[in-house]
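Following: one structure in structure tokens, then a few remarks.
What you see below is based on every heavy atom in this structure, not just the backbone, and it leaves out hydrogens, waters and symmetry mates. These figures come from a predicted structure and were not determined experimentally.
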Amino acid sequence: MSNWFECKVKFDRMMENGIQKKVTEPYMVDALSFTEAEARIIKEMTPFISGDFSVANIKRVNISELFFDETGDKWYKCKVNFITLDEKSGAEKRTAAYMLAQAPDLQKALANLLEGMKGTMADYEVAAVTETAIMDVFPYAVDEGPVSVADHPDLAPQE
């Protein structure tokens, strides 16, 4: 099971009019701990950002599934309610699960979600699909291996 962290990276971006502006952008990282999430986002962002940047915030997010689409440039958060029947009372019970779908627009995000959910045996309903500010998602890759603090001395505990 993946542990997803939303990392906010703060850096200076050159705007189209030539002025530098400090921006903060959210990214998603699959990691085992907050320390590993910070190390992974630093490793992933270093080639793309010239100059200094900092990790402004890291928070754990409850995402159960991701649906990738190479044509998409946006990420949509999808709330899916799984419907179960309570045997004692006979009432329907809804359990929410949150997923991310990559897509160019809202309709394609919904289509990607429904395509990804095709093999699901449980009854479900799509409760919401909303566009997020997430810029990119970095899943854990087996060939990467864990990131150690030795690779990033700036993450070592300060004495």
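Within the 4.5 Å cutoff, no side-chain heavy atoms of Asn81 are placed close to those of Val126. Side-chain contact between Leu114 and Lys118 is absent, with no heavy-atom pair separated by less than 4.5 Å. A 4.5 Å side-chain heavy-atom check between Asp12 and Phe53 finds every atom pair outside the cut-off. Counting heavy atoms from C-beta on, the side chains of Ile134 and Tyr27 never come closer than 4.5 Å.
Residues passing the ring-ring contact (aromatic ring centres under 6.0 Å, His included) test with Tyr76, sequence neighbours excluded: none.
In terms of heavy-atom proximity, Gly90 sits nearest to Leu85 at O-CD1, 3.6 Å. Closest of all the heavy-atom pairs between Asp73 and Pro104 is OD1-CA, 3.8 Å. The shortest non-hydrogen separation linking Asp30 to Tyr140 is OD2-CB, 3.3 Å. Minimum heavy-atom separation, Ile58 to Cys7: CG1-SG, 4.0 Å. The two atoms that bring Phe67 and Glu65 nearest to each other are CZ-CG, 3.4 Å, heavy atoms only.
For Asp52, the CG atom sits in a loose shell: 12 or fewer heavy atoms of surrounding residues, nucleotides or ligands are nearer than 6.0 Å. Within 6.0 Å of the NZ atom in Lys22, the count of heavy atoms belonging to other residues, nucleotides or ligands exceeds 12.
Residues Ile63 and Val129 do not share a hydrophobic cluster, clusters being chains of Ile/Leu/Val/Met/Phe/Trp/Tyr side chains in contact below 4.5 Å. Clustering ILVMFWY residues whenever any of their side-chain heavy atoms sit less than 4.5 angstrom apart, transitively, puts Val61 in a cluster other than the one holding Val80. In the hydrophobic clustering of this structure, Phe138 groups with Phe34; members are Ile, Leu, Val, Met, Phe, Trp, Tyr whose side-chain heavy atoms approach within less than 4.5 Å, directly or through other members. Hydrophobic clustering of Ile, Leu, Val, Met, Phe, Trp and Tyr side chains at less than 4.5 Å, counting indirect connections, unites Phe82 with Leu113. Cluster annotation: Met135 and Phe11 are assigned to the same hydrophobic cluster (Ile/Leu/Val/Met/Phe/Trp/Tyr, side-chain heavy-atom contacts under 4.5 Å, transitive).
Of the inter-residue distances, the one linking Ser54 atom OG with Ile41 atom CD1 reads 12.0 Å to the nearest 0.5 angstrom. Of the inter-residue distances, the one linking Thr35 atom OG1 with Glu38 atom CD reads 7.0 Å to the nearest 0.5 angstrom. Note that the OG1 atom of Thr24 and the NZ atom of Lys10 stand 4.5 Å from one another [nearest 0.5 Å]. Note: Thr130 OG1 to Lys79 NZ = 10.5 Å, rounded to the nearest 0.5 Å. To the nearest 0.5 angstrom, Ile19 atom CD1 is 10.0 Å from Lys21 atom NZ.
Ring to ring, Trp75 and Phe68 are close: their centroids are under 6.0 angstrom apart.
Taking 4.0 Å as the cut-off between side-chain N and carboxylate O, Arg13 and Glu25 count as a salt-bridged pair. A salt bridge does not link Arg40 to Glu36: none of the charged nitrogens lies less than 4.0 Å from a carboxylate oxygen.
A side chain to side chain contact (heavy atoms under 4.5 Å, CB included) with Trp4 is found for exactly one of Val29, Leu66, Asn62, namely Leu66.
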Quiz: residues 93-103 side-chain donor-acceptor pairs under 3.5 angstrom, not counting sequence neighbours:
from: Arg94; atom 1: NE; to: Glu125; atom 2: OE2; distance (Å): 2.7
from: Arg94; atom 1: NH1; to: Glu92; atom 2: OE1; distance (Å): 3.2
from: Gln102; atom 1: OE1; to: Asp69; atom 2: N; distance (Å): 3.1
from: Gln102; atom 1: NE2; to: Gly72; atom 2: O; distance (Å): 3.1

Quiz item: Stepwise, does the side chain to side chain contact (heavy atoms under 4.5 Å, CB included) test hold for Met117 with Tyr124?
Solution: CA-CA 9 Å; Met117 296 292 289; Tyr124 67 91; 3.4 Å; yes
